[in-house]
Amino acid sequence: MTRKDRYQFVIDYFSEHAPEAETELLYDNPFQLLVAVILSAQCTDKRVNLTTPVIFAKFPDAESLAKATFDELFPIIKSISYPNNKTKHLIGMAQMLVADFNGEVPLKVEELIKLPGVGRKTANVITSVIDEQPNMAVDTHVFRVSARIGLTLQAKTPLQAEQQLIKFFPKELIHKAHHWLILHGRYVCVARSPKCEICGLQQGCKYFQATLKN
DNA sequence: ATCCCGAGGG
DNA sequence: CCCTCTGGAT
């Protein structure tokens with residue numbers, strides 16, 4: 001199977017079985033999504049979703065979060081990974097939104113990555129989810145699943161994987177493909193003992209074909 | 001012991 | 001390139 005065929009197989013499968021795939025992070029506006037994605041590093045979406053409503057009840061927008069003190073915010077996100085860093089990042093991020101972006105979330109990757117706590121992956125999530133820009137956020141799930149299936153070849157970094165994925169997925173499907181791969185990685189193609197026996201991608205998956213030989 | 005929608009700094 | 005941050009779930 002050529003790589004192009006593999007991509008088409010994946011597109012056909014998910015178009016039929018997961019046409020509605022979207023983020024599981026809860027949010028009502030770009031600001032809330034940005035906060036949620038910053039918190040999501042090395043943490044489950046489920047836990048993020050338990051935390052963000054408490055934050056937004058007290059700090060509903062960039063202006064209020066910019067005025068928050070460390071000691072006000074830290075206890076709320078204490079049970080998330082890296083609470084120290086994330087507390088500083090969230091407040092700094094809100095302060096920069098107010099200072100440089102009129103309190104609004106910019107929708108350009110180059111501007112987003114200037115914000116504290118916002119790297120390439122987060123910037124790609126925001127621009128693709130909010131604005132459907134053809135950017136592929138490569139997180140741990142996308143990286144692992146793409147490598148297993150054979151969508152990416154010899155990708156050693158998330159950036160290399162991203163470049164391959166945006167080259168082969170049609171532009172208009174990139175923001176959707178991101179969620180296909182995330183959700184597949186979360187529920188089927190999990191890191192430890194992937195559930196190949198219930199996976200609909202067997203016939204197009206490099207990893208499954210390789211394990212068959214054993 | 002390993003993994004969860006990573007980012008920043010050296 | 002490496003390292004650190006660092007809590008909860010399985």
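Keep in mind it's a predicted model, so treat the numbers as computed, not measured. Letters A, B, ... mirror the listed sequences (proteins, then strands); counts begin at 1.
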K.L.:
With nearest nucleotides of DNA chain C determined for A/Lys156 and A/Arg192 from heavy-atom distances, which residue corresponds to the more 5′ nucleotide?
P.N.:
A/Lys156
K.L.:
Remember a base hit wins even if backbone is also touched, and classify A/Ser81 as base, sugar-phosphate or nothing at under 4.0 Å, heavy atoms.
P.N.:
base
K.L.:
Within the structure shown, what part of the strands sits under 4.0 Å from A/Pro83 by heavy-atom distance: base, sugar-phosphate, or nothing?
P.N.:
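The answer is sugar-phosphate, as A/Pro83 gets under 4.0 Å only of primed atoms, P, OP1 or OP2.
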K.L.:
For A/Val125, report the nucleic acid contact type (base, sugar-phosphate, nothing); a contact means any heavy atom under 4.0 Å.
P.N.:
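A/Val125: base contact, heavy atoms under 4.0 Å.
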K.L.:
So, the side chain of A/Glu72 versus the backbone of A/Thr69: is there a donor-acceptor pair under 3.5 Å, distance only?
P.N.:
yes
K.L.:
Are A/Asn84 and C/dT6 close enough that a side-chain N or O sits under 4.0 Å from OP1 or OP2?
P.N.:
yes
K.L.:
In whole Å, what separates the P atom of C/dT4 from that of B/dC5?
P.N.:
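That atom pair is separated by 24 Å.
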K.L.:
So what does A/Leu115 hit on the nucleic acid, given a heavy-atom distance under 4.0 Å: a base, only sugar-phosphate, or nothing?
P.N.:
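Answer is sugar-phosphate: A/Leu115 comes under 4.0 Å of backbone atoms only.
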K.L.:
Are the ring centres of A/Phe14 and A/His184 closer than 6.0 Å?
P.N.:
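Yes; A/His184 has its ring centre under 6.0 Å from that of A/Phe14.
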K.L.:
Give one of base, sugar-phosphate or nothing for A/Asp45, where a contact means two heavy atoms less than 4.0 Å apart.
P.N.:
base
K.L.:
Send over the distance from A/Arg47 CZ to C/dA9 P, rounded to a whole Å.
P.N.:
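Distance check: A/Arg47 CZ to C/dA9 P gives 5 Å.
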K.L.:
Do you reckon A/Ile113 sits in the same ILVMFWY cluster as A/Met136, going by side-chain contacts under 4.5 Å, direct or chained?
P.N.:
no
K.L.:
Using a cut-off of 4.0 Å on non-hydrogen atoms, how would the nucleic acid contact of A/Ile182 be classed: base, sugar-phosphate, or nothing?
P.N.:
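A/Ile182: base contact, heavy atoms under 4.0 Å.
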K.L.:
Does anyone know the first and last nucleotide of DNA chain B in reach of chain A, 5' to 3', at under 4.0 angstrom to a heavy atom?
P.N.:
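Here the contact window of chain A covers B/dT2 to B/dG8.
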K.L.:
Looking at every strand, decide which applies to A/His178 at a 4.0 Å heavy-atom threshold: base, sugar-phosphate, or nothing.
P.N.:
base
K.L.:
Could you say whether A/Val118 or A/Ala191 is positioned toward the 5' end of DNA chain B, judged by the nucleotide with the nearest heavy atom to each?
P.N.:
A/Ala191
K.L.:
Could you go through the side-chain contact (heavy atoms from CB on, under 4.5 Å) check for A/Leu165 and A/Val138 one step at a time?
P.N.:
CA-CA 9 Å; A/Leu165 290 166; A/Val138 177; 4.2 Å; yes
K.L.:
Examine distances only and state if a side-chain atom of A/His175 and a backbone atom of A/Ser128 form a donor-acceptor pair shorter than 3.5 Å.
P.N.:
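No: the side chain of A/His175 does not pair with the backbone of A/Ser128.
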K.L.:
Whole angstrom is fine here: how far is it from CZ in A/Arg186 over to P in C/dA9?
P.N.:
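Value for this atom pair: 16 Å.
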K.L.:
Expressed in angstrom and rounded to an integer, what is the separation of A/Lys86 atom NZ from C/dG8 atom C1'?
P.N.:
11 Å
K.L.:
Measure CG/A/Asn49 against C1'/C/dG8 and give the value in whole Å, please.
P.N.:
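The answer, rounded to whole Å, is 15 Å.
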K.L.:
Identify whether any heavy atom of A/Thr23 sits under 4.0 Å from a base atom; if not, whether one sits that close to sugar-phosphate; answer base, sugar-phosphate or nothing.
P.N.:
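Result for A/Thr23 = base.
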K.L.:
Is a side-chain donor or acceptor of A/Tyr7 paired with a backbone partner of A/Leu151 at a separation under 3.5 angstrom?
P.N.:
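Yes; at least one donor-acceptor contact below 3.5 Å.
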K.L.:
Say you pick atom C1' in B/dC3 and the same atom in C/dT6; how far apart are they, in whole Å?
P.N.:
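Each nucleotide's C1' atom is 13 Å from the other's.
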K.L.:
Could you state whether A/Val48 and A/Ile182 fall into the same hydrophobic cluster, counting links through intermediate Ile, Leu, Val, Met, Phe, Trp or Tyr residues with side-chain heavy atoms under 4.5 angstrom apart?
P.N.:
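Not linked; separate clusters.
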K.L.:
Over how many whole Å does the gap from A/Lys46 atom NZ to C/dG7 atom C1' extend?
P.N.:
16 Å
K.L.:
Please compare A/Cys43 and A/Thr157 by the position of their nearest nucleotide in DNA chain C and report the one closer to 5'.
P.N.:
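Going by which nucleotide is closer to the 5' end, it is A/Thr157.
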K.L.:
Look at the side chain of A/Lys86 and the backbone N and O of A/Ser81, then say whether any donor-acceptor pair between them is shorter than 3.5 Å.
P.N.:
yes
K.L.:
Decide, applying a 5.5 Å centre-distance limit and a 30° plane-angle limit (both strict), whether A/Tyr82 stacks on C/dC5.
P.N.:
yes
K.L.:
Measure from NZ on A/Lys78 to C1' on C/dC5 and round the result to the nearest Å.
P.N.:
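Spelled out: NZ on A/Lys78 to C1' on C/dC5 is 13 Å.
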